[in-house]
Amino acid sequence: MTHRNYDLLGEDGRRAVETGLATAEWYHSDVPRAVMKDLMKRSDAPAIRDTVIFYGAMILFAGLGIWLWPSWWSAPFWLAYGVLYGSGSDSRWHECGHGTAFKTGWMNDLVFEIASFMIMRNSSTWRWSHARHHTDTYIVGRDPEIAVMRPTQMFKILLAFVGVLDVWAYFKGTIYNAVYGPTEAEKTFIPASGWAKVTYVARISLAIYAATILLAVWMGSILPLMVIGLPRIYGSWHMVLTGLFQHGGLADNVLDHRLNSRTVYINPISRFIYWNMNYHIEHHMFPMVPYHALPRLHEVIKADLPAPTPSMWAAYKEIWPAWIRQMRDEDYFIKRALPATARPYREDLHTAALGAAE
Amino acid sequence: MPQWTLACKTTDIDAEDLIRFDHGGATYAIYHSPDGKFYATAGRCTHEDVHLSDGLVMDYVIECPKHNGQFDYRTGEAKRAPVCINLKTYPVKVEGGQVFIEV
Ligand code: FES
């Protein structure tokens, strides 16, 4: 059994660079250029519509929550507000970070900054970390966004649903960034030209949280924190629910997104919150395709992909036993069958990296 | 010594699109802008070693297919992170329906 070292400055990352597993060429399904151009086409309209609904609903739910506060009747509105704030902002951060949600650059940037603040991610750091996630998806020691590391630590997965560890890590990291700039590990994926912005964003974010806490103390109420900050704890469960099935239980150290990512059919409300990122193999293979075109891309390439998982329930039925097994066996992963119409997995690309599969 | 080299016919590239052109062991990208002009740049992104020919041309911008970094293909200027280093550009001329680049 191979023991994995996820440290970005560690042995596995160094070996990935040496063996060519890092910044390698990945498998892509064939899509005719004319079709792909049509799929990549940008438009402001769908994202403006969704953004108006998104922030409009947040204002409405928060308004009702404040109006009914401190009665328990306010609770359902906080729950709805929290899911948009603590989960929906993750997908807004993601799509606008790629620059694909809107056609207009400043709209992407504006929503990206707001969403990054809400989801408690330094907008500068995470722009770069996500680029690395796409270069080296689930390459151990290279990808800074591996959600569940092996051996599986179940308590960390369960705590993620209430965001406690994320929030702790965020404030620890943000205070460090505000004082010293990026950490040594962050410097491995942020170019020097981006370091000053990391510090600047950290200071602004801390100033907003300090003002919110001061207001709460002055009012003698946690109400201001119910609006800013706490929703990252009480509303992050949906982000974790959808985020963990993206890669959960699947292979690492491979160069084919069909082996390390999962496409799952989910309900329309979750798709709105998650902005279609349930089409995750499609997104990783073709990050140029905006969220609103992913269902179309799915139809175009699905004959070349493992069958989509039919529901979240089915996804976790598959993932849970794999996580349990990965508590003891770090090399275990789920390898899903390809349909007869698909091109085979490129075993030659990663035979050396693949462990025991069932 | 740079030389004018035939890259393609003008009809080989749709308006607001690009193609890849390999020559002398190097890769170039040839662009057809929305106003009917032709441009040429290095064929690979300056962020990582990725062919720009699978990317998306929007007006005068080429977006890289890997991390959505953007360049102005007329000047090579890096316009959007994660690209920070400008793209090399090459002179282009069109004669008799053929596109030549000076490389
Ligand atoms: S390889 Fe082009 S933006 Fe990263």
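Just so you know, these numbers use all the heavy atoms, side chains as well, and skip hydrogens, waters and symmetry mates. Since the model is a prediction, treat every value here as computed from it, not as a measurement. A, B, ... follow the sequence lines: proteins, then strands. Residue 1 opens every chain.
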**Study point:** Contact check, side chains of A:W128 and B:H67, non-hydrogen atoms, under 4.5 Å
**Key:** no
Check your understanding: Would a 4.5 Å heavy-atom cut-off, applied to side chains only, mark B:N68 and A:T100 as touching?
Key -> yes
Revision key, fill the gap. Between B:A81 and A:R127, the two heavy atoms sitting closest are CB-CD, 3.9 Å
Review point. Is it true that atom OH of A:Y200 has more than 12 heavy atoms of other residues, nucleotides or ligands lying nearer than 6.0 Å?
Key: no
Point to revise | Over 12 non-hydrogen atoms of neighbours within 6.0 angstrom of NZ in B:K79 | key: no
Point to revise | Test: A:K37 and B:D14 ion pair at under 4.0 Å | key: yes
Check your understanding: Of the backbone (N, CA, C, O) and the side chain (C-beta and beyond), which part of A:T135 lies under 4.5 Å from a heavy atom of chain B, both, or neither?
Key -> both
Revision key, fill the gap. Comparing A:M36, A:M288, A:H130 against chain B, the one with the most heavy-atom pairs below 4.5 Å turns out to be A:M288
Point to revise | Straight-line distance of B:K66 NZ to A:T23 OG1, nearest 0.5 Å | key: 9.0 Å
Review point. Of all of A:H134, A:K103, A:H98, which one pairs up most often with chain B through heavy atoms under 4.5 Å apart?
Key: A:H98
Exercise for review: Check the surroundings of atom NZ in B:K93: do more than 12 heavy atoms from other residues, nucleotides or ligands lie under 6.0 Å from it?
Suggested key: yes
Review point. Is the number of heavy atoms from other residues, nucleotides or ligands under 6.0 Å of A:E18 CD greater than 12?
Key: yes
Check your understanding: Given that the side chain runs from C-beta out, which part of A:P191 has a heavy atom under 4.5 Å from chain B: side chain, backbone, both or neither?
Key -> side chain
Review point. Is A:R42 close to B:E63 at the side-chain level, that is, under 4.5 Å between some pair of heavy atoms?
Key: yes
Study note, to complete from the structure: Heaviest contributor of heavy-atom pairs below 4.5 Å to chain B, chosen from A:M40, A:H28, A:R33, is A:R33
**Study point:** Flag side-chain contact, heavy atom, 4.5 Å: A:K41 against B:L56
**Key:** no
